[in-house]
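No experiment lies behind these values; they were computed from the predicted model shown.
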Amino acid sequence: QVQLVESGGGLVQAGGSLRLSCAASGHTLSTGAMGWFRQAPGKEREFVTAINWSGSSTDYTEFVKGRFTISRDNVKKTVDLRMNDLKPEDTGVYYCAARRNLDYSLRRADYDYWGQGTQVVVSS
């Protein structure tokens, strides 16, 4: 099993920045690609960004392109999400996810492990 623990959420004003971090532990040799999803109040959990195992390839949902950056450190077993120019629409619970496959996916169902989530609130 792989355990994922997110940190770094909080309350920020619109236009501000936050950095989320996800630490993996357990049988991390089975951890391949990783991603971030978010769930706004009353909405489905949606894809935000993902990164492949080597870190050479990433993808972002259109709404966050140019504002968010995902990165990973396979030695420290962490994946970070830097969020700049935050908007009230970015509010939600952000979940870290990992899959055994080395290539990322945009589909929630393709991820094998999930963290508990960290709350991000962006005030206008």
Side-chain angles (χ1 to χ4, degrees):
Q1 275 289 354
V2 173
Q3 292 79 44
L4 303 174
V5 178
E6 303 97 335
S7 61
L11 173 64
V12 64
Q13 289 189 329
S17 299
L18 280 176
R19 182 174 71 92
L20 306 183
S21 187
C22 174
S25 62
H27 294 159
T28 55
L29 285 178
S30 62
T31 301
M34 298 187 74
W36 288 93
F37 290 72
R38 71 183 178 195
Q39 187 165 16
K43 295 189 176 181
E44 294 285 321
R45 193 174 301 185
E46 63 180 359
F47 171 80
V48 177
T49 180
I51 187 168
N52 67 347
W53 179 84
S54 68
S56 63
S57 183
T58 60
D59 203 348
Y60 299 87
T61 189
E62 193 66 31
F63 188 69
V64 308
K65 282 182 180 177
R67 300 189 297 121
F68 291 13
T69 303
I70 189 172
S71 61
R72 67 185 296 164
D73 186 327
N74 287 342
V75 174
K76 294 180 180 179
K77 302 176 184 179
T78 58
V79 60
D80 286 352
L81 179 61
R82 292 187 176 273
M83 306 185 294
N84 297 323
D85 188 24
L86 283 160
K87 306 177 185 301
E89 305 90 286
D90 294 317
T91 292
V93 179
Y94 283 70
Y95 296 89
C96 175
R99 63 191 304 236
R100 290 184 285 269
N101 196 296
L102 300 184
D103 295 324
Y104 63 74
S105 170
L106 278 60
R107 297 178 63 239
R108 188 176 65 189
D110 289 339
Y111 287 82
D112 304 296
Y113 310 105
W114 291 86
Q116 293 300 306
T118 184
Q119 179 76 52
V120 171
V121 177
V122 184
S123 63
S124 58

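- For the atom pair OG1 of T49 and CG of L106, the computed distance is 9.0 Å after rounding to the nearest 0.5 Å.
- Judged by distance alone, with hydrogens and angles left aside, the side-chain atoms of H27 form no donor-acceptor pair with the main-chain N or O of V2 at under 3.5 Å.
- E6 contributes a side-chain N or O that, together with a main-chain N or O of Q116, makes up a donor-acceptor pair within less than 3.5 Å.
- Applying the ring pair (Phe, Tyr, Trp, His ring centres under 6.0 Å) rule to pairs touching residues 76-105 yields nothing, sequence neighbours excluded.
- Counting heavy atoms from C-beta on, the side chains of N101 and D110 never come closer than 4.5 Å.
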TODO: Apply side chain to side chain contact (heavy atoms under 4.5 Å, CB included) to R67 and D90, showing your working.
DONE: CA-CA 11 Å; R67 300 189 297 121; D90 294 317; 2.8 Å; yes

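- Between the side chain of R72 and the main chain of N52, a donor-acceptor pair closer than 3.5 Å is present.
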- [ ] Take M83 and V48 through the side chain to side chain contact (heavy atoms under 4.5 Å, CB included) test and state the conclusion after the steps.
- [x] CA-CA 11 Å; M83 306 185 294; V48 177; over 6 Å; no

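- Just one residue in the list S123, S124, P88 forms a side-chain contact (heavy atoms from CB on, under 4.5 Å) with Q13, and that residue is S123.
- Using a 4.5 Å heavy-atom threshold, the side chains of K77 and T31 count as separate.
- Scored by the side-chain contact (heavy atoms from CB on, under 4.5 Å) test, V12 finds L18, L86, V122 as partners (sequence neighbours excluded).
- Applying the side-chain contact (heavy atoms from CB on, under 4.5 Å) rule to S71 yields the partners D80; only residues at least two apart in sequence or on another chain are considered.
- Under the side-chain contact (heavy atoms from CB on, under 4.5 Å) criterion, S7 pairs with S21, sequence neighbours left out.
- Within the model, atoms CZ of R108 and CZ of R99 stand 14.5 Å from one another, a figure rounded to the nearest 0.5 Å.
- No more than 12 heavy-atom neighbours from other residues, nucleotides or ligands sit within 6.0 angstrom of CZ on R82.
- Taking CE of M34 as the reference point, atom OG1 of T78 lies at 8.5 Å (rounded to 0.5 Å).
- Looking at residues two or more places apart in sequence or on another chain, you find a side-chain contact (heavy atoms from CB on, under 4.5 Å) between S25 and Q3.
- Here the closest non-hydrogen pair linking V93 and G117 is CG1-CA, 3.8 Å.
- Separating the CD atom in Q1 from the CG atom in D112 is a distance of 9.5 Å, to the nearest 0.5 Å.
- A distance of 9.5 Å separates CZ in R38 from CG in L81, rounded to the nearest 0.5 Å.
- Pairing each heavy atom of V120 with each of G9, the nearest pair is CG2-CA, 4.2 Å.
- Distance check: Q119 CD to T91 OG1 gives 7.5 Å after rounding to the nearest 0.5 Å.
- Within the structure, every pair that satisfies the ring pair (Phe, Tyr, Trp, His ring centres under 6.0 Å) test and touches residues 35-93, not counting sequence neighbours, is listed here: F37-F47, F37-Y111, F37-W114.
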